[in-house]
J.: 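Following this message is one structure expressed as structure tokens.
Lettering of chains follows the sequences in order, A, B, ..., and the numbering in each one begins at 1.
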There are 2 protein chains.
Amino acid sequence: MKQAIQIDEKNRRILTILQENARVSNAEIARQLGMTTSAVFERIRKMEERGIIRGYSVQVEPAALGLPLSAFVSVKINPHRLAPEVGRAIAEIEGVEEAYHLTGEECFLARIRCSDTDSLERILMQINDIEPVYATRTVIILRSAKEISGALLSSVVGGLGAGEGA
Amino acid sequence: MKQAIQIDEKNRRILTILQENARVSNAEIARQLGMTTSAVFERIRKMEERGIIRGYSVQVEPAALGLPLSAFVSVKINPHRLAPEVGRAIAEIEGVEEAYHLTGEECFLARIRCSDTDSLERILMQINDIEPVYATRTVIILRSAKEISGALLSSVVGGLGAGEGA
DNA sequence: ATTGAAACTCGCAGAGT
DNA sequence: ACTCTGCGAGTTTCAAT
């Protein structure tokens, strides 16, 4: 059974502070919560150990990386039981930031980040080339009304930037 | 004109390291890149100042917060020019992690995180209660094949947890 | 933009409650 | 699980290049 590991009040407050700025010092967290640094240190260490904290990330302005274009691609596949393979194949495509297996006929949704429509076209072709995929539907993101992820880009390394050739 | 602020090689490598673990020390980054800590410090400071770095976040295991259920809600609205207001209204609803204004008929997409289907129902009602909204379509996320955001939850603070009452 | 040194602050571990 | 204590390590500033 996958039991829900619940969290106490103090840990929740530590996470709240880390969420706003993951690079604050333990000492600063301790100050804000009226604890000692050691206590904060221990709690964070345990949350990391228990997998409650998965990691820490930087949110980057995508324009700075030459990736101003975002889109969602909905995907239909045919033998539905190939979903795991399709999921893996989509996830591996450069420019795919997120990929979800969903209920419904359009059983995959991928969020794309790229430099321009040419780059988007190339990504769409790669998705359509996956064997069980028989249809895609793409919508462009005009604006994010709320974006938690900021731009946690998998592709800081990648180089899907505006200047790249073939 | 919104010019694309491009980034040099060193900054890209710094961002790559921060992406994997935003809580590494500047000294450690410096070691990996063969720079001095001061240089790394200065470059990070400037990227923060210029808005290239938006912030740093912790990725939390959602189950630990009692939020095992994820969904996407597509929204249709009627006078299309009320989009900005609708976007703001959706973004404010507790449980909405991300909200995007899109091209196409379903011009908004919201990603939801909540404790159970009851909670999801309540969120859907709130979305449908927004004036210009005349239709929603909900799909449940079965699995994330790729999830950059990990679980950057806006609602660590919130308390949409399993145990909450009304 | 980078450096090296100086002053300050923090991380982290050990021992104790 | 928290506190106190202390040293090694990290942060941050600054004059100089």
Side-chain angles (χ1 to χ4, degrees), chain A residues 3-61 63-66 150 156-157 159 161-163, chain B residues 3-61 63-66 150 156-157 159 161-163:
Chain A
Q3 65 130 157
I5 316 141
Q6 284 294 39
I7 259 174
D8 72 359
E9 179 62 19
K10 279 181 183 171
N11 279 353
R12 232 201 55 225
R13 297 181 71 186
I14 290 171
L15 289 175
T16 305
I17 292 169
L18 284 173
Q19 189 133 69
E20 282 169 17
N21 178 10
R23 263 173 92 83
V24 287
S25 63
N26 294 348
E28 176 58 28
I29 296 170
R31 247 173 261 127
Q32 286 185 37
L33 302 184
M35 302 170 73
T36 58
T37 55
S38 316
V40 171
F41 176 77
E42 257 299 292
R43 280 175 168 269
I44 290 176
R45 199 191 58 72
K46 277 181 188 162
M47 285 195 283
E48 287 168 351
E49 190 181 79
R50 291 168 62 197
I52 292 169
I53 290 176
R54 287 185 184 170
Y56 309 92
S57 242
V58 61
Q59 292 158 253
V60 181
E61 172 58 44
L65 299 163
V156 176
V157 205
Chain B
Q3 65 129 156
I5 315 142
Q6 285 294 38
I7 259 174
D8 72 0
E9 179 62 19
K10 280 180 182 170
N11 279 353
R12 231 201 57 225
R13 296 181 71 186
I14 291 171
L15 290 175
T16 305
I17 292 168
L18 284 174
Q19 189 131 69
E20 282 169 18
N21 178 10
R23 262 172 92 83
V24 288
S25 63
N26 293 346
E28 177 57 29
I29 297 170
R31 247 173 262 126
Q32 286 184 37
L33 302 184
M35 303 169 72
T36 58
T37 55
S38 316
V40 171
F41 176 80
E42 256 297 292
R43 292 182 88 103
I44 290 176
R45 200 192 56 73
K46 277 183 188 161
M47 285 194 283
E48 288 169 348
E49 191 181 76
R50 291 168 60 196
I52 292 169
I53 290 176
R54 287 187 185 169
Y56 308 93
S57 243
V58 62
Q59 291 159 253
V60 182
E61 172 58 45
L65 299 164
V156 175
V157 206

J.: Which is it for A:L18 and A:Y56 under the side-chain contact (heavy atoms from CB on, under 4.5 Å) test, yes or no, and what are the steps along the way?
T.: CA-CA 9 Å; A:L18 284 173; A:Y56 309 92; 4.2 Å; yes
J.: Name the nucleic acid region contacted by A:R23, choosing base, sugar-phosphate or nothing; use a 4.0 angstrom heavy-atom cut-off, strictly under.
T.: nothing
J.: To the nearest angstrom, how far is B:E28 atom CD from C:dG11 atom P?
T.: 16 Å
J.: Starting at CD1 of B:I44 and ending at P of D:dT11, how long is that distance when rounded to a whole Å?
T.: 9 Å
J.: Name all residues meeting the side-chain contact (heavy atoms from CB on, under 4.5 Å) criterion together with B:E9; count only those two or more places apart in sequence or in a different chain, and write none if there are none.
T.: B:R12, B:R13
J.: Counting distance only, does the side-chain N/O of A:S57 pair as donor-acceptor with the main-chain N or O of B:S57 below 3.5 Å?
T.: no
J.: Assess whether a salt bridge exists between A:R45 and A:E48, defined as any Lys/Arg side-chain N lying under 4.0 Å from an Asp/Glu carboxylate O.
T.: no
J.: Side chain of B:K46: nearest nucleotide among C:dA1, D:dA1, C:dG11?
T.: C:dA1
J.: Is a salt bridge present between B:K46 and B:E49, judged by a nitrogen-to-oxygen distance below 4.0 Å?
T.: no
J.: Look at the side-chain N and O atoms of B:K10 and state whether any lies under 4.0 Å from the OP1 or OP2 oxygen of C:dT2.
T.: yes
J.: Calculate the interatomic distance between B:M47 atom CE and C:dA1 atom P; express it in whole Å.
T.: 12 Å
J.: Could you state the atom-to-atom distance from CD of A:Q32 to P of C:dC10 in whole Å?
T.: 12 Å
J.: List in numerical order all residues of residues 34-43 of chain B for which some heavy atom is under 4.0 Å away from an atom belonging to DNA chain D.
T.: B:S38, B:F41
J.: Quickly work out the B:R13 CZ to C:dA1 P distance and round it to whole Å.
T.: 18 Å
J.: Could you give the CZ-to-P distance, from A:R31 to D:dT3, as a whole number of Å?
T.: 15 Å
J.: I need the CG-P distance between B:L33 and C:dA1, as an integer number of Å.
T.: 17 Å
J.: Check the distance between C:dC10's P and B:N26's CG and give it to me in whole angstrom.
T.: 14 Å
J.: Any idea which heavy atoms bring A:T37 and A:A30 closest together, and the distance?
T.: N-CB, 3.7 Å
J.: Restricting to side chain to side chain donor-acceptor pair (under 3.5 Å), what partner residues turn up for B:R23, sequence neighbours left out?
T.: A:N26
